[in-house]
Amino acid sequence: MEDERKHNTSSSSLPSLRKQLASPTLGASMELDIPVVDLSVSDEELLVRQVTKASVEWGIFQVVNHGIPTELLRQLQVVGKQFYDLPEAEKEAVAKDEGIEGYKKNYLEGGKSWDEHLLHRLSPPSIINYKYWPKNPPQYREVNEEYTRHVKKLTEKILGLLSEGLGLPSVALTQSLGGEKAEYLIRVNYYPPSPKAIGGSAAHTDLGAITLLIPNEVPGLQVFKNEQWFDVEYINSAMVVFIGDQLMRISNGRFKNVLHRAKSDKERLRISWPVFVSPRHDLLVGPLPELTGDENPPKFETLVYQDYLHQTMQNWALDKLYNKESTLLKTH
């Protein structure tokens, strides 16, 4: 870990592994019982142990009975699907320009599309640009604003449990991300059926702090553990929670930033809705002082989050694995 203390700015502590997994064979995988946490349990100490254990050993878990109404999740998926059913010209009305937000279609060689995505900021209000929010379907904004209120509440609950698992006050991790100024972004990923299942995303960890994802019923998400790939089981109405780079760094390596990838299905449409939660861009992020000491020195450099993003993108560009756009928010 000595090199990490001096030089770590990448999203994974294993750059060589990232090279090996950049274009993996998508067919080789197994099912694995990724932890599932029932948030309706009244025993908070039990919940703290469960989410902490999952974050230490896995870096990913699913939560059920999380408090987000099932009908709201259904509406979120309906308006997302309705957007992609629009004529191309209407989708292009919210197309990307120079930034990361907006709609984009990715292409394979020969011009054949293999995935589409829509990305825009959700919170705080000061960073929202409604230019990139679809006006059609008409319910899109209302549904996504209501979903934002719920997903923020759920995120703060999970961060509170993880804070207590580190022996810190329940607000510690939320505050370390900037409190109400923490940034929430949603990306709606659309993977049409692919006969060769060639669509999807390369192996990566998430650059932010934590990601909360709702998929449709079509499987395709995989995680890397014990030197092999495992399928993430679909659970109706469950939320998939990923630990990202910044929680790994803030926890001084105690929490695992999970390596994962996505693939398309040969016959069915796959859509997913990850919400990425990140620190304010001007915030210093590094191991919390309460978690370091003579016997446990900092394993990661403390950096302004914007500088972390910049340096990581430079490293990835040198590896020729990711371009500037795909680096900031990978697909799921």
Side-chain angles (χ1 to χ4, degrees), residues 26-40 54 58 60-86 91 103 105-106 113-119 134 137 139-140 143-144 146-148 150-151 154-155 158 186-201 203-204 206 210-225 229-242 258 260-276 329-332:
L26 290 173
S29 64
M30 300 175 60
E31 286 196 0
L32 192 65
D33 293 330
I34 290 168
V36 178
V37 180
D38 184 349
L39 292 181
S40 68
W58 289 81
I60 185 173
F61 54 95
Q62 300 198 60
V63 292
V64 297
N65 297 319
H66 42 63
I68 301 181
T70 301
E71 176 60 19
L72 178 58
L73 296 178
R74 187 192 71 81
Q75 292 174 5
L76 181 77
Q77 297 187 45
V78 167
V79 296
K81 174 65 163 54
Q82 287 175 338
F83 169 77
Y84 284 111
D85 287 341
L86 294 173
K91 290 185 285 188
Y103 164 78
K105 179 181 288 187
N106 292 315
S113 171
W114 62 271
D115 93 275
E116 302 172 47
H117 68 261
L118 170 68
L119 186 149
Q139 303 86 1
Y140 185 90
V143 170
N144 275 265
E146 180 67 13
Y147 183 64
T148 300
H150 283 276
V151 84
L154 176 58
T155 300
I158 293 171
I186 191 168
R187 176 166 176 155
V188 187
N189 298 307
Y190 182 94
Y191 302 111
S194 172
K196 297 182 180 180
I198 50 179
S201 67
H204 65 282
D206 289 344
I210 190 169
T211 302
L212 285 76
L213 176 144
I214 289 290
N216 71 348
E217 71 280 2
V218 179
L221 181 62
Q222 298 179 335
V223 297
F224 193 75
K225 183 176 173 62
W229 287 102
F230 293 91
D231 293 322
V232 177
E233 178 188 6
Y234 171 75
I235 301 174
N236 186 33
S237 297
M239 182 80 72
V240 185
V241 180
F242 303 81
V258 62
H260 55 285
R261 69 185 185 187
K263 64 176 183 177
S264 61
D265 189 83
K266 292 182 179 180
E267 299 177 350
R268 296 176 292 172
L269 169 67
R270 180 174 182 267
I271 312 181
S272 65
W273 289 258
V275 171
F276 302 91
L329 292 172
K330 302 301 285 185
T331 53
H332 291 67

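Side-chain atoms are counted along with the backbone in the values below, which use heavy atoms only and exclude waters and symmetry mates.
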P69 and H150, any side-chain heavy atoms less than 4.5 Å apart: yes

Considering all heavy atoms, the nearest S264-P192 contact: CB-O, 4.0 Å

In this structure, is the centre-to-centre distance between the rings of Y103 and F83 below 6.0 Å? yes

What is the distance from atom CZ of R187 to atom CG of L213, rounded to the nearest 0.5 Å? 11.5 Å

Test of understanding: with side chain to side chain donor-acceptor pair (under 3.5 Å), list the residues that count as partners of T155, not counting sequence neighbours. none

Side-chain heavy-atom pair V188, K81 within 4.5 angstrom cut-off: no

Could you check if a side-chain atom of V143 sits within less than 4.5 angstrom of a side-chain atom of V78, using non-hydrogen atoms only? no

More than 12 heavy atoms of other residues, nucleotides or ligands under 6.0 Å from CD of E267: is that the case? no

How long is the span from the CD1 atom in I68 to the OG atom in S237, to the nearest 0.5 Å? 10.0 Å

Mind running side-chain contact (heavy atoms from CB on, under 4.5 Å) on Y84 and E116 for me, showing each step along the way? CA-CA 8 Å; Y84 284 111; E116 302 172 47; 3.6 Å; yes

If you round to the nearest 0.5 Å, how far is OH of Y234 from CD of Q62? 10.0 Å

R270/N189 under side-chain contact (heavy atoms from CB on, under 4.5 Å): CA gap, chis, key distance, verdict: CA-CA 8 Å; R270 180 174 182 267; N189 298 307; 5.9 Å; no

Looking only at non-hydrogen atoms, find the nearest pair between Y191 and A262 and report the distance. OH-CB, 4.0 Å

How close do M239 and V151 get, counting heavy atoms only, and between which atoms? CE-CG2, 4.4 Å

Drop me the distance from I214's CD1 to L73's CG, to the nearest 0.5 angstrom. 4.5 Å

Please report the closest heavy-atom contact between D231 and I34, naming both atoms and the distance. O-CD1, 4.4 Å

Can you name the closest pair of heavy atoms from I158 and F61 and give their distance? CG2-CZ, 4.0 Å

What's the separation between atom CD in E146 and atom CD in Q139, rounded to the nearest 0.5 Å? 14.0 Å

Taking it one step at a time, do L39 and V64 satisfy side-chain contact (heavy atoms from CB on, under 4.5 Å)? CA-CA 6 Å; L39 292 181; V64 297; over 6 Å; no

With sequence neighbours left out, what residues match Y147 under side chain to side chain donor-acceptor pair (under 3.5 Å)? none

Does any part of the side chain of V240, heavy atoms only, come nearer than 4.5 Å to the side chain of L212, both counted from C-beta? no

Could you grab the distance from atom CG of L118 to atom CD1 of I186, nearest 0.5 Å is fine? 8.5 Å

Between L269 and N216, the two heavy atoms sitting closest are O-ND2, 3.0 Å

Pair E217 + R268: basic N to acidic O under 4.0 Å: no

Close side-chain approach of L76 to W273, heavy-atom, < 4.5 Å: yes

Aromatic contact between H260 and F242, with the criterion being ring centroids under 6.0 Å apart: yes or no? yes

Are any non-hydrogen side-chain atoms of L221 and R261 less than 4.5 angstrom apart? no

Where do Q77 and I271 land on the side-chain contact (heavy atoms from CB on, under 4.5 Å) test, with the steps shown first? CA-CA 8 Å; Q77 297 187 45; I271 312 181; over 6 Å; no

